[in-house]
Amino acid sequence: MSADTDQTRPLTSSPVTKAVIPAAGLGTRFLPATKATPKEMLPIVDKPAIQYVVEEAVASGLHDVLMITGRSKRSIEDHFDRAYELEEALEAKGDVDRLLSVRESSDLAQVHYVRQGEPRGLGHAVLCAEAHVGDNPFAVLLGDDLIETADLLRRMIEVRREHGGSVVALMEVEPEQVSLYGCAAVEPTGEDDVVTVTDLVEKPIKEEAPSRWAVIGRYVCDPAVFGVLHRTPPGRGAEIQLTDALLELARTAPEEGGGVRGVLLRGQRYDTGNKAEYIRTVVEFACRRPDLAEELLPWLREFVDRQDGAARG
Ligand code: G1P
């Protein structure tokens, strides 16, 4: 990069150190379970979903985590805080394993909180991070998406470091599914797993989708996104959409923090935001655990056989 560019974009080289996790949704798809418990706290085996997301941020080198919370989110704060009474009780019993598992979440990262007064969409949630993030690039991790490894986010951070601008994560989906996602038109770059994003549409109908490339819940944003979000009008669902702000950035000059690249997902992504996928995630995660697989797998096989038998009559 030339000295000139450095002068116009003094922040391009500032590293990504902060993760923003929007967790203010109402969780209506999981009612009544989410009446008093945030959906982010629903367990995947024995850990709340949001802990996996924080672990991924930390594994990608992001130790400063800002949660955008809303109504009845106190249990998230409690989960990432010390639990002295519980710890004392476990200590007195000499239950070291459980004690360590309880301390793990409070030792994981520096977790901060800001409240999103009213649920006005993902773009608005991200805007709530402005004061904490300041003039630095930052990652956004959506709690509904669990990604198998931290490689994706690490790669996205690397792409940001090399090229500046913002970075989205992309996954190819069936045409019937594009309406569930932000959808991107892309052009190849010299790199296999990286594309240039030329268009973005939030939850298009099948006929209007620019491609089958769906944006999944990992982003690295240039701080210029805040300025854009301030003037982004409500879009799909009458909500302020991050997708719309990123589209504007895709059409903005690099000197002004513009440019959006996509990193293609390699590996597994789990969507815990809907019931069937949530259950599938729990089963898969449980089957990967040595302490559970031995008991669970034979039962699963037998259960499926029994179901098949019943279906055959
Ligand atoms: C959000 C985004 C959408 C993205 C999706 C990924 O939608 O608005 O662009 O594709 O996350 O999970 P939501 O699923 O929160 O409605």
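Both ligands and their constituent atoms are indexed starting at 1 by order of listing.
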Would you mind checking which non-hydrogen protein atom is closest to [atom], with the distance to 0.1 Å?
{"atom": "atom 11 (O) of ligand 1", "answer": "L142 CD1, 3.3 Å"}
{"atom": "atom 12 (O) of ligand 1", "answer": "D145 OD2, 3.3 Å"}
{"atom": "atom 2 (C) of ligand 1", "answer": "E202 OE2, 3.6 Å"}

Taking the basic N atoms (NZ, or NE/NH1/NH2) and the acidic carboxylate oxygens, is any pair closer than 4.0 Å for [X] and [Y]?
{"X": "E162", "Y": "R261", "result": "no"}
{"X": "D222", "Y": "R160", "result": "yes"}
{"X": "E77", "Y": "K73", "result": "no"}

What atoms of ligand 1 come closer than 4.0 angstrom to any heavy atom of [X]?
{"X": "Q241", "result": "8 (O)"}
{"X": "R269", "result": "12 (O)"}
{"X": "G182", "result": "3 (C), 4 (C), 9 (O), 10 (O)"}

- request: Just jot down the side chain to side chain contact (heavy atoms under 4.5 Å, CB included) partners of A250, sequence neighbours excluded, or say none.
  value: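 In terms of side chain to side chain contact (heavy atoms under 4.5 Å, CB included), with neighbours along the sequence ignored, A250 is linked to V260.
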
- prompt: Is the shortest distance from atom 15 (O) of ligand 1 to a protein heavy atom below 4.0 Å?
  reply: no

field: Residue pair R289, D46: steps toward the salt bridge (charged side-chain N to carboxylate O under 4.0 Å, His left out) verdict
entry: CA-CA 11 Å; R289 286 258 301 254; D46 48 14; 2.9 Å; yes

- prompt: What distance separates H230 NE2 from L127 CG, expressed to the nearest 0.5 Å?
  reply: 4.5 Å

- prompt: For atom 7 (O) of ligand 1, which candidate among K203, R218, R236 holds the nearest heavy atom?
  reply: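 When every heavy atom of K203, R218, R236 is considered, K203 comes closest to atom 7 (O) of ligand 1.
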
field: Pick from L180, V215, V173, T243: the one approaching atom 10 (O) of ligand 1 most closely through a non-hydrogen atom
entry: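 Residue with the shortest heavy-atom distance to the ligand atom: V215.
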
statement: Contacts satisfying ring pair (Phe, Tyr, Trp, His ring centres under 6.0 Å) that involve residues 294-313 (not counting sequence neighbours) are W299-F303

